[in-house]
Amino acid sequence: MSLRTLSSHLRMAAQANRITKSNLILPAATAWMRSYSTVRKFTKDHEWIQVTKDGVTTFGITHYGQGKYGDILMVEFLPVDKDVKRGDVIGFIENHKSAPDIMAPVSGRILRLNESLTMTPSVLNSAPETEGWIGQIQMSAGAEKELEEFLEEHEYKRMCDQQDEGWRMATDKYRSKTK
């Protein structure tokens, strides 16, 4: 079954109230998150967040961000079903260079973390904005204010282009000095 067909079936079943978010499997969760998302924003640290109408956020790292990490070797999470504030550490990602923290993008209660990433961390490299989602948080009252600091997609793309241009200029300058 193709992802498009699966997504269509999920939408129909959800409309008939035959399924809920909690009983969806990983590919289905990806289809559900795309079908029902209302807002998608980005951070300057290359994270994405989708917010549904009921205040449930799904988040992960962007394709651009995973490229900066390189090959991801390991993902570990702290316990689920706990209240967090924006910026609290909820796990970490290990790559060849470092082990950056995974931080809560918004304040609220952790509903679910993508435990499949602990078994197959490479999914963060191959599909960071779909199957590689990191977690879901039910936003707490007032947390929608935190979303105001996030970037719209066009702003995020512009920032990435500027970073790429800065890197190219620095690389060219370095290369000209070493000739």
Side-chain angles (χ1 to χ4, degrees), residues 3 6-7 10 13-14 19-147 149-151 153 156:
L3 185 57
L6 177 62
S7 178
L10 286 170
I19 61 171
T20 64
K21 290 181 281 185
S22 60
N23 66 9
L24 293 173
I25 57 173
L26 177 63
T30 302
W32 174 84
M33 147 177 110
R34 285 186 161 194
S35 331
Y36 292 97
S37 67
T38 55
V39 177
R40 187 168 195 171
K41 296 200 172 211
F42 301 86
T43 70
K44 292 179 181 179
D45 295 323
H46 306 292
E47 299 157 346
W48 59 268
I49 185 170
Q50 284 185 199
V51 184
T52 61
K53 292 176 185 169
D54 60 355
V56 174
T57 64
T58 303
F59 62 94
I61 61 173
T62 65
H63 182 72
Y64 186 91
Q66 70 78 27
K68 296 290 185 189
Y69 283 134
D71 291 337
I72 295 172
L73 306 173
M74 186 169 74
V75 176
E76 278 198 31
F77 296 116
L78 299 178
V80 184
D81 198 35
K82 113 179 201 187
D83 291 326
V84 292
K85 293 197 183 308
R86 181 177 179 195
D88 284 355
V89 175
I90 59 172
F92 70 91
I93 297 170
E94 186 175 312
N95 58 38
H96 289 293
K97 304 172 192 174
S98 62
D101 293 334
I102 299 171
M103 293 189 244
V106 293
S107 300
R109 176 167 284 274
I110 299 173
L111 299 177
R112 192 163 65 164
L113 295 169
N114 188 351
E115 294 292 337
S116 69
L117 296 176
T118 62
M119 305 281 245
T120 53
S122 62
V123 172
L124 277 174
N125 289 117
S126 61
E129 296 187 38
T130 55
E131 288 85 11
W133 60 274
I134 290 176
Q136 291 184 321
I137 295 177
Q138 174 68 55
M139 290 194 312
S140 58
E144 56 277 345
K145 281 250 186 228
E146 296 170 351
L147 296 174
E149 297 176 30
F150 286 65
L151 304 171
E153 186 171 8
Y156 177 72

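Residue numbers count from 1 along this sequence.
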Participant: Can you list the residues that meet the salt bridge (Lys or Arg N to Asp or Glu O under 4.0 Å) rule with E153, with sequence neighbours excluded?
Facilitator: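 Checked E153 against salt bridge (Lys or Arg N to Asp or Glu O under 4.0 Å); matches are K157.
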
Participant: What residues form a side chain to side chain contact (heavy atoms under 4.5 Å, CB included) with S107, not counting sequence neighbours?
Facilitator: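 With sequence neighbours excluded, S107 shows a side chain to side chain contact (heavy atoms under 4.5 Å, CB included) to K85, R86, S140, A143, E146, given in chain and number order.
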
Participant: Closest approach of T58 and W133, non-hydrogen atoms and distance?
Facilitator: CG2-CB, 3.9 Å

Participant: Please, which pairs that meet ring-ring contact (aromatic ring centres under 6.0 Å, His included) have at least one residue in residues 64-119, sequence neighbours excluded?
Facilitator: H46-Y64

Participant: For residues T118 and L113, determine if any side-chain heavy atom of one lies less than 4.5 Å from a side-chain heavy atom of the other.
Facilitator: no

Participant: Between D54 and T52, is there a side-chain donor-acceptor contact under 3.5 Å, judged purely by atom types and distance?
Facilitator: yes

Participant: Can you see which heavy atom on I72 is nearest to which on V75, and at what distance?
Facilitator: CG2-CG2, 4.2 Å

Participant: How far apart are the closest heavy atoms of A104 and I137, and which atoms are they?
Facilitator: CB-CD1, 4.0 Å

Participant: With a 3.5 Å distance limit and no angle check, can you tell me whether N114 reaches the backbone of E131 through a side-chain donor-acceptor pair?
Facilitator: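 Yes, because the side chain of N114 sits within donor-acceptor range (under 3.5 Å) of the backbone of E131.
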
Participant: Please name the pair of heavy atoms, one in V51 and one in M139, separated by the smallest distance, quoted to 0.1 Å.
Facilitator: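 What the structure gives for the nearest pair is CG1-CE, 3.9 Å.
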
Participant: Over all heavy atoms of both residues, which pair between I102 and E76 is shortest? Give the atoms and the distance, please.
Facilitator: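 Looks like CD1-O, 4.3 Å.
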
Participant: With sequence neighbours left out, what residues match D71 under salt bridge (Lys or Arg N to Asp or Glu O under 4.0 Å)?
Facilitator: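 Result, salt bridge (Lys or Arg N to Asp or Glu O under 4.0 Å) vs D71: none returned.
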
Participant: Judged by atom type as modelled, is there a donor-acceptor pair below 3.5 Å linking the side chain of W48 to the main-chain atoms of I61?
Facilitator: yes

Participant: Could you walk me through whether L124 and Q66 pass the side chain to side chain contact (heavy atoms under 4.5 Å, CB included) check?
Facilitator: CA-CA 7 Å; L124 277 174; Q66 70 78 27; 5.5 Å; no

Participant: Going by the salt bridge (charged side-chain N to carboxylate O under 4.0 Å, His left out) test, which pairs reach into residues 93-106, not counting sequence neighbours?
Facilitator: none

Participant: In sequence, state the C-alpha distance, the side-chain angles, and the governing distance for Q136 and R112, and then conclude on side-chain hydrogen bond (donor to acceptor under 3.5 Å, both in side chains).
Facilitator: CA-CA 5 Å; Q136 291 184 321; R112 192 163 65 164; 3.3 Å; yes

Participant: Residues in side chain to side chain donor-acceptor pair (under 3.5 Å) with N95, at least two apart?
Facilitator: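 Listed in chain order: nothing, the list is empty.
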
